[in-house]
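Below is one structure, written out as structure tokens, with a few remarks after it.
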Amino acid sequence: MTQRNNTKLAQLDWHTLRKEQALQVLKTDDKQGLADKEAKDRLAAFGPNSIREEKRRSAVTIFAKQFKEPLILILIVATAISGFVGDLVDAIVIVAIIILATIVGFVQEYKSEKAIEALKQMTAATCRVIRNGQERLLDVGGLVPGDVFLVSAGDRIPADAFLLESFNLETNEAALTGESIPVRKTTGMTFAREVPLADRKNILYTITTVTHGRGRAVVFATGMNTELGKIAGTVQGIEIQKTPFETRMRSTGKLLSAIMLGVAAIVSVIGILRGHEILEMLVWSISLAVAAVPEALPAVTAASLTLGVYRMAKQNAIIRHLPAVETLGSTTVICSDKTGTLTKGEMTVRKIYAYDNKSALVTGTGYSPKGRVDVDAGSGISSEYLVLLAKTAALCNDAHIKEQKTQGKEERADIEKEVVKVIGDPTEIALLAFARKVGLDKEKADAEFPRIREVSFTSERKLMTTVHKVAGSEGQIQVFTKGAVEEVLNRCSAIIHADLTTTAMHNIDNSYRKGNGVVVDDDDGSSNNIKDKILSANNDMASAGLRVLALAYKNMSVSSSDDINKVSDQDLESDLAFLGIVGMIDPARPEVIEAIAECRTAGIDVVMITGDHKLTALAVAEEIGILAATAADDDGTSSSAEQSKETIEVKAAAALSGTELDAMSQDKLAERVGQTKVYSRVLPEHKLKIVQALKKNGHIVAMTGDGINDAPALKAADIGIAMGITGTQVTKEASSMVLADDNFATIVSAVKEGRRIFDNVKKYLVYLLTANIGEIIILAFAVTAGWPFPLLAKHILFINLATDGSPAIALGLEPPEPDVMKRRPRAPTESQFSGIKMWLIGIPIILAVTSLALFWYVLELNGWQSDFALAKARTMVFGLIIFFELFFAISCRSLTHNAHRLAKFSNKMLVYSLIGESVMVLLIMNYPPLQEIFELVNLDAVDWTIVMLLATTGFIFCEIVKAVVCRERKN
Ligand code: ATP
């Protein structure tokens, strides 16, 4: 099949075809999908499934771009002319320095470009495809016509496809047709050729999203041949936007450049008036301009941001929207999902409860089927009852546990012989493991009781129901339901007792159903009593931090299995018989406890938002320390009995349920939101209300989410954080950051990284600007005063290379400061100059005064007319400025902590760069051939001592300022 065939395929009227025809044309198999080899060949023939290939900038383009700066071009031309008419060596040296500086710029930009490329790879959309009969995740770009893929709510359709199977599948096609009402997709129907796009119910179109249900489809058009490709679509993935800080940095850079250029121009006019040669003055003043203009500022900012973002991605926090990095540093509250984010999300059924007060413990860990249900003799729980419970758990379930034999020669008896691969929702996997412990295998049960219908689980309904045929008995149907205890109970009208035998259970009939819609019992008939007992068992389990689910069941008879499709969802989920409750543990992630403690010292509130029961949520919140700040608010004077009463009250006040939230106005919620640490039984729309209330109170909100309906809340938050593993494509696209490991602790590391990046931006801002301002003061003063040039053009350019280059970049890599998570979040409006003005004024003055004084002193001592004196004065000033900057770089490692308090060698790049620069300068100043090229002379021990002592003045000034400021802060 070739590219032309691809176009031909896309032109077929797929909506007019039947499933068998579609599969035949595409030469693929409904269940097996394509074979790997075939898919590879088709990818080579059809090309990748992408709408628009973004042009990548080659290394040569990036290198050439470095020379496009007008100043650099002018400098090269002026130097070339001066080389012809005068000093060729000088011209060569200047060009060599420019090329070196260009290489530094190039390396930086190339690294950023690579980092962005890698980020784009990480954010590439994936889809679930069937190849060789196996389900696997594939980058959307690798899809080819003939591929069979699976979709469910929240997925984006990856290519134009023919629908093979649908379970209540609905898609939103607004992106393509503009119609925002979801379209129900169906199989088994064909449509006339002229039917418009929007009505082709058996076709799925790329870019549209699944809003409900699930389905399986076969691709017939990819990339530019899809409907979207035809109308030229959007490119998704990471958005490379400038952060507000970066934009401010750019304009600051521009302003400073204009000032520096103005000064350089004035200096050159004065110089010419003072009798310097025009060409000499031109090269000199352009060199000054090149050195003084902080052209590296935006580039270094961009590089340190992208490299920081890349580093974050390697730690599992993938930034999709660059401004988020900045917002991270200002975050004041993180609202996090519980299950799988604060907890491990690896659940294990621990306890079962059956009416009335009959319970059993379940042993084993993780998802391993090893373990058993400990039913004591006389506990009143029959094995038949357990099997029915397990059957419900396994059949009303979409997860799979796959077991594989461990391979390899080193198999040892103490290593488990079987490894377990799990697919699906952790709650459901736990239920499957439980069923296995009872001895029930899902695959066998599925074969014996094929599923014929389902009402899917959604966070809103908190329920799931499946309908099964009983193999071999025509018209016999079984309905299994599981879900939140309150929801299931509301749909039960009978109870199955745990001591029933199979026959008795199969005979559940109307004698068990004495009421409608409420649970009743055949012996005491008091519905409230029964309900209360079950709810109280539920509360006991929830208070112990268990995630609790109820299971229910009913038998139905229908005249034919088609009739079941006529029963409404509501009728299916009514008149059920309550089976029991299962309680599962979901251990807290150990690293989360520390991360939450870190948030507290960093002035960030952590709020738990969960669909789970209030008591479960509170128990987990207590364990991981979310309630600690609230509970610790007491003054420590009350008695322990009073304290525990108060603590319970405080804790209760810290929690709000979805129902309570519904009853509150947005204003009332805004009042409560400050004290509330736990939101339970929430629906996705509540998340939006919570974000809005927090924002109203001036918070900068980070909010996590995974489901499709979380998307509006994620968009409304200052930072929307999507789950990388459990999150849907739509949720990820609505977010500004994706957690590759779904782990809360990763958010805190990202906040830390965000703070560090912005600390570091300030560090090299100070470093670069002080050097530039200092140099321009020195040179402007000397020329204006009619002194000889304290530095030649090549000296200026070399100093620029030595300081703007590696030390500045290295400062961008400085590790986080010790107190990075011990200070309050940065106000979003905070200027990039806040807290550093003192440095920007003090350091250039010290640099200028020491350099000019030294220059003046050496000339005074040795005679203003002496060539040797001038060369010596220049040599000393050259050495002074460079070593001043190198010492100052050490101080810039922290703008608040004294240098000796920081780990000495934690920034290896800075260590190498300081050593490298020092060796280079010492060589230039002492190695005769280089000395000659740079027109420098030997210095004796006294000269060196003076240079080095003066070079430390900036460092000493900064260290004193930091010590004083820090002491004041402590007081
Ligand atoms: P979080 O928002 O912290 O991730 P959650 O995962 O508990 O919380 P949901 O998945 O919305 O939130 O679940 C809400 C409730 O629905 C659960 O407490 C449970 O009672 C029930 N539930 C969860 N998963 C299923 C399922 N697969 N089938 C039936 N009911 C379920």
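All ligand and atom numbering here is 1-based and tracks the order in the structure. Quick caveat: nothing in here was measured; it's all calculated off a predicted structure.
Side-chain contact of Asn172 with Thr209: a donor-acceptor pair under 3.5 Å is absent, judged by distance alone. Side chains of Tyr355 and Asn357: a donor-acceptor N/O pair is absent below 3.5 angstrom, by distance only. Asn709 and Glu685 form no side-chain donor-acceptor contact under 3.5 Å, judged by distance and modelled atom types alone. A donor atom on one side chain and an acceptor atom on the other are not found under 3.5 Å apart for Asn743 and Thr341. The closest side-chain donor-acceptor pair between Ser749 and Thr746, if any, does not fall under 3.5 angstrom. A donor-acceptor pair shorter than 3.5 Å can be found between the side chains of Lys531 and Asn490. When only modelled atom types and interatomic distance are considered, Lys391 and Gln478 share a side-chain donor-acceptor pair under 3.5 Å.
Below 4.0 Å from some heavy atom of Asp425 lie the following atoms of ligand 1, by number and element: 24 (N), 27 (N). Of all atoms in ligand 1, numbered sequentially from 1 with element shown, those under 4.0 Å from a heavy atom of Ser459 are 11 (O). For ligand 1, the atoms sitting less than 4.0 Å from at least one non-hydrogen atom of Arg681 are 15 (C), 17 (C), 18 (O), 20 (O), numbered in the order shown with element in parentheses.
Nearest to atom 10 (O) of ligand 1 among the protein's heavy atoms is Phe457 CZ, 3.9 Å. Summary of contacts: the protein heavy atom closest to atom 14 (C) of ligand 1 is Gly611 O, 3.4 Å. Atom 19 (C) of ligand 1 has Leu549 CD1, 3.3 Å as its closest protein atom, hydrogens excluded (heavy atom only). Taking atom 4 (O) of ligand 1 as the reference point, the nearest protein heavy-atom neighbour is Thr339 CB, 3.6 Å. In terms of protein heavy-atom proximity, atom 23 (C) of ligand 1 is closest to Arg547 NH2, 3.3 Å. Of the protein's non-hydrogen atoms, the one nearest atom 20 (O) of ligand 1 is Ala484 CA, 3.2 Å. Scanning all protein heavy atoms for the shortest distance to atom 3 (O) of ligand 1 gives Lys338 N, 2.7 Å.
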Determine, step by step, whether Arg451 and Asp446 satisfy the side chain to side chain contact (heavy atoms under 4.5 Å, CB included) criterion, reporting the C-alpha distance in whole Å, the side-chain angles of both residues, the deciding distance to 0.1 Å, and the verdict. CA-CA 7 Å; Arg451 192 189 291 189; Asp446 275 339; 5.7 Å; no
For salt bridge (charged side-chain N to carboxylate O under 4.0 Å, His left out), just list the numbers for Lys462 and Glu486, CA-CA rounded to whole Å, side-chain angles, deciding distance to a tenth of an Å, and then say yes or no. CA-CA 10 Å; Lys462 299 186 173 54; Glu486 315 86 276; over 6 Å; no
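Summarising the contacts of atom 28 (N) of ligand 1 with Met608, Glu460, Lys482, Met723, the nearest heavy atom is found in Lys482.
Under 4.0 angstrom from ligand 1, the non-hydrogen atoms of Asp612 come from both its backbone and its side chain. In Ile609, the part holding a heavy atom less than 4.0 Å from any atom of ligand 1 is the backbone. Of the heavy atoms in Val548, only backbone atoms (N, CA, C, O) come closer than 4.0 Å to ligand 1.
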